[in-house]
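What follows is one structure encoded as structure tokens, with my remarks underneath.
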Amino acid sequence: MSSEHSIKVPEPRFAAWLWAPIRANRGVYTKVALAAVMINVFGMVTSLFTMTVYDRVVPNNATSSLVALSIGLVVIVIFDFVLKLLRAYFVDIAGASIDREVGETLFQKLLALRLDLKKGSTGSLTGIMRELEALRDFFTSATMTAVVDLPFILLILAVVAIIGGRVVFVPAATIPIVILVGWLTQPALDRLSAKSMGQGLQKQSVLVETVGGLETVKATGAGRLLSWRWRRALIDHSHSSLRQRLIASIGITVATSAGTISYAGVVVLGVGLIADQQLTMGGLIACSILAGRAIAPLAQISQLLSRMTTTRTAYRQLNELMKQPPEGPTGEGIRITSLKGRIEFRNVSFRYPGAAEKTLDEVSFVIEPGEHVALLGRVGSGKSTIARLILGLYPPEEGLVLIDGTDIRQLDPVELRRNIGAALQESVLLTGTVRENIVLARAEVDDEEMLRVTELSGTHAFMGRIANGYDLKLADRGEGLSGGQRQSIALARALAGKPPVLVFDEPTSAMDAQTETALLQRLGAEIQGRTAVMITHRPPLLQLVDRVMVVDAGKVVMNGPRDEVMKQITRPAPAAPRAA
């Protein structure tokens with residue numbers, strides 16, 4: 001058979017990222033199933049105890065038999081209590097294990113997410129990650145053990161038939177009704193669950209955007225706009241959630257009502273059978289209890305189906321994220337322990353996702369190892385995009401980005417960035433201490449190296465005057481520090497470990513002239529022998545470079561020695577000839 005007519009392999013019901021942790025915990029779930037079996041058996045024994053007391057003990061006043069039966073029942077109740085605790089414990093253990101393994105896998109996937117394939121806002125993405133809670137709730141839910149109880153419905157009905165004969169038709173008739181109602185509500189629950197989740201992500205997006213930019217929101221008076229968005233998201237989400245809960249409650253209510261009807265029906269029909277001497281009083285009580293037990297798992301199943309709908313919707317969202325190809329090569333990437341620092345762009349074109357125009361258009365240049373190059377250009381010309389492509393944050397749409405002669409798409413992105421010190425345009429700091437922000441859990445950056453780079457970047461000058469020093473806890477994005485202080489810490493982070501390649505995007509834009517001058521004097525010696533790419537609008541930074549490239553409208557329009565290019569840039573335009 002030709003490859004054109006090859007058989008399409010169906011996707012597995014559960015993806016490997018979820019199925020593998022479940023399979024790893026199958027031993028724990030086996031124990032849960034065994035506990036559920038014993039609990040169901042003990043439940044039937046309780047009903048038989050009641051029947052025996054009414055039919056044997058009461059008529060014969062057999063007190064000694066009652067004592068023996070009571071002792072046996074106490075033993076069974078104790079075992080039942082212990083088994084229920086063990087079942088809950090094992091379910092929690094399995095759920096926690098699955099939550100931990102799946103959570104770690106998802107977070108690693110998030111770190112490796114290709115930025116050009118990232119969909120939605122930051123709030124939407126964090127909302128999708130939050131759906132992990134729905135999976136955890138499902139796997140730690142006691143209602144999941146109701147699946148084990150289902151086969152016992154038939155066993156219970158068989159016992160009812162043996163004891164009460166025709167009485168069994170009452171619970172047997174209500175069971176299909178409960179199942180049918182649960183089945184009919186599933187499509188609506190699926191639809192509403194997906195809609196409710198989408199609106200929940202929208203609400204999360206507004207919330208994250210507001211909290212993340214609260215200072216800007218207050219300063220610019222954007223509160224009214226965001227309040228309107230929040231109110232709209234709240235209304236939409238509450239309406240769909242209300243309809244979802246209403247439909248879910250139909251199945252649960254029908255199951256509960258069916259239990260009541262089953263109990264009452266057994267009693268009514270049983271009274272007639274007692275009159276005909278086809279059933280004893282104890283048999284009627286036992287059948288009524290067992291009929292309720294036969295319906296009880298269905299009520300739990302109705303809750304399980306409602307929970308399963310939410311879980312299935314969450315699984316689809318998370319699985320879409322897991323299906324995204326990771327950054328870097330499809331196989332095992334080339335791991336370079338140290339870079340020489342040669343950077344080459346060969347006919348590189350790039351456009352951001354959703355953009356109509358190219359940000360870079362057939363850009364070609366070479367930066368030799370140890371060379372210091374500045375990228376100049378107007379806002380939006382593509383300078384920062386070149387830095388992002390050097391770091392492998394985005395793959396080129398066309399052409400090649402080569403690091404030491406190797407296509408960057410073949411390199412392991414984590415190892416690549418470990419060899420590049422980057423200080424990007426926005427100096428984003430993480431929540432935690434100043435020390436953690438500089439060291440970033442890198443084994444090669446010890447206290448001595450941290451102090452060295454903080455002296456270089458100027459961080460040590462102000463950290464010595466701040467309480468707690470390097471153990472000062474920073475709020476989100478380094479709030480509480482000035483822009484220059486944040487840039488100084490970001491520079492120390494980039495220089496730590498002496499990476500062979502440095503990429504700086506406006507590294508001194510928030511610093512005053514005196515601080516900038518002192519920093520540049522220290523950086524001059526530090527970057528010797530290392531490849532450095534500087535993106536700047538500030539002339540003082542040009543003293544660190546040998547060559548200047550001017551970028552305009554996504555193209556390199558000038559490229560040459562610093563002094564020659566700067567002469568061309570600063571040369572006054574020729575005056576227009578005067579009219580005669």
Side-chain angles (χ1 to χ4, degrees), residues 327-329 331-348 350 360 362-376 382-396 398-424 440 442-446 449 452-453 456-457 490-505 507 520 522-536 541-549 551 556 559-562 565:
E327 61 179 355
E332 187 176 354
I334 299 173
R335 301 171 69 88
I336 298 179
T337 54
S338 62
L339 296 179
K340 294 176 183 176
R342 189 178 192 274
I343 301 170
E344 180 181 359
F345 274 49
R346 192 178 295 172
N347 298 320
V348 171
F350 176 79
L360 298 179
E362 295 189 357
V363 171
S364 296
F365 61 81
V366 176
I367 300 175
E368 296 296 341
E371 193 175 9
H372 304 157
V373 177
L375 297 180
L376 305 182
K383 307 183 304 298
S384 296
T385 302
I386 291 175
R388 293 187 179 106
L389 265 63
I390 292 173
L391 288 162
L393 297 176
Y394 292 91
E398 299 172 11
L400 293 173
V401 177
L402 304 171
I403 304 291
D404 287 353
T406 303
D407 185 353
I408 200 170
R409 286 170 290 200
Q410 298 181 36
L411 301 176
D412 182 277
V414 175
E415 287 297 323
L416 170 68
R417 291 171 200 143
R418 192 170 291 167
N419 286 277
I420 301 178
L424 299 181
L440 296 179
R442 292 175 286 185
E444 67 272 17
V445 182
D446 55 16
E449 175 65 6
R452 188 187 72 82
V453 295
L456 271 170
S457 67
L491 275 170
R493 179 170 63 195
L495 293 167
K498 297 183 179 180
V501 177
L502 299 171
V503 177
F504 292 163
D505 189 351
L520 295 180
R522 294 190 296 269
L523 278 181
E526 173 68 13
I527 66 175
Q528 288 303 312
R530 294 150 73 179
T531 304
V533 178
M534 309 275 186
I535 300 168
T536 184
L541 203 63
L542 296 180
Q543 64 183 277
L544 297 178
V545 305
D546 314 309
R547 181 155 61 99
V548 170
M549 290 192 294
V551 184
V556 176
N559 185 3
R562 177 191 61 194
V565 173

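Numbers here simply count residues along the sequence, with the first being 1. Note that the coordinates shown come from a computational prediction; the quantities given were computed from them, not determined experimentally.
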- Please identify each residue that fulfils side chain to side chain contact (heavy atoms under 4.5 Å, CB included) with Glu362, with sequence neighbours left out. Ser349
- Tell me, please, which residues at least two apart from Leu440 pass side chain to side chain contact (heavy atoms under 4.5 Å, CB included). Leu430, Arg442, Arg493
What I'd like to find out is whether the side chain of [X] reaches to under 4.5 Å of the side chain of [Y], using heavy atoms alone.
{"X": "Phe504", "Y": "Leu491", "answer": "yes"}
{"X": "Val373", "Y": "Thr531", "answer": "no"}
{"X": "Arg522", "Y": "Leu456", "answer": "yes"}

- Message: For Val363 and Phe350: C-alpha separation, side-chain torsions, deciding distance, then whether side-chain contact (heavy atoms from CB on, under 4.5 Å) applies.
- Response: CA-CA 9 Å; Val363 171; Phe350 176 79; over 6 Å; no
If I compare all heavy atoms of [X] with all of [Y], which pair ends up nearest, and what's the gap?
{"X": "Val453", "Y": "Ala492", "value": "CG2-O, 3.6 Å"}
{"X": "Val401", "Y": "Pro396", "value": "CG2-CG, 4.1 Å"}
{"X": "Val366", "Y": "Glu371", "value": "O-OE1, 4.3 Å"}
{"X": "Gly341", "Y": "Val501", "value": "CA-CG2, 3.7 Å"}
{"X": "Leu360", "Y": "Gly382", "value": "CD2-O, 3.6 Å"}
{"X": "Ala494", "Y": "Ala423", "value": "CB-N, 4.1 Å"}

- Looking at Met534, His372, Arg562, which hits side chain to side chain contact (heavy atoms under 4.5 Å, CB included) with Leu542? Arg562
- Item | Option among Leu544, Leu541, Val545, Asp505 that satisfies the side chain to side chain contact (heavy atoms under 4.5 Å, CB included) test with Thr536 | Leu541
Drop me the distance from [X]'s [atom1] to [Y]'s [atom2], to the nearest 0.5 angstrom.
{"X": "Glu526", "Y": "Leu520", "atom1": "CD", "atom2": "CG", "result": "13.5 Å"}
{"X": "Leu402", "Y": "Gln410", "atom1": "CG", "atom2": "CD", "result": "9.0 Å"}
{"X": "Leu400", "Y": "Asn347", "atom1": "CG", "atom2": "CG", "result": "8.5 Å"}
{"X": "Ile403", "Y": "Leu339", "atom1": "CD1", "atom2": "CG", "result": "7.0 Å"}
{"X": "Leu375", "Y": "Arg547", "atom1": "CG", "atom2": "CZ", "result": "9.5 Å"}
{"X": "Asp546", "Y": "Ile367", "atom1": "CG", "atom2": "CD1", "result": "11.0 Å"}

- Query: With sequence neighbours left out, what residues match Glu368 under salt bridge (Lys or Arg N to Asp or Glu O under 4.0 Å)?
  - Reply: Arg342
- Decide if atom CD of Gln528 counts as having more than 12 heavy atoms of other residues, nucleotides or ligands within a radius under 6.0 Å. yes
- Message: I'd like to know if Glu327 pairs up with Arg417 as an ion pair, taking the criterion as any Lys NZ or Arg NE/NH1/NH2 lying under 4.0 Å from an Asp or Glu carboxylate oxygen.
- Response: yes
- Message: Regarding Asp412 and Arg335, does a basic nitrogen lie under 4.0 Å from an acidic carboxylate oxygen?
- Response: yes
Between [X] (side chain only) and [Y] (backbone N and O only), is there a donor and an acceptor less than 3.5 Å apart?
{"X": "Asn559", "Y": "Phe365", "value": "no"}
{"X": "Glu449", "Y": "Gly497", "value": "yes"}
{"X": "Asp404", "Y": "Lys340", "value": "yes"}

- Item | Intermediate values then yes/no, side-chain contact (heavy atoms from CB on, under 4.5 Å), Leu424 and Leu391 | CA-CA 11 Å; Leu424 299 181; Leu391 288 162; 3.9 Å; yes
- Leu389 and Ile408: CA distance, side-chain angles, deciding distance, side-chain contact (heavy atoms from CB on, under 4.5 Å) verdict: CA-CA 9 Å; Leu389 265 63; Ile408 200 170; over 6 Å; no
- Would Leu495 and Leu502 count as a side-chain contact (heavy atoms from CB on, under 4.5 Å) if you check the C-alpha gap in whole Å, the side-chain angles of each, and the deciding distance to 0.1 Å? CA-CA 8 Å; Leu495 293 167; Leu502 299 171; 4.1 Å; yes
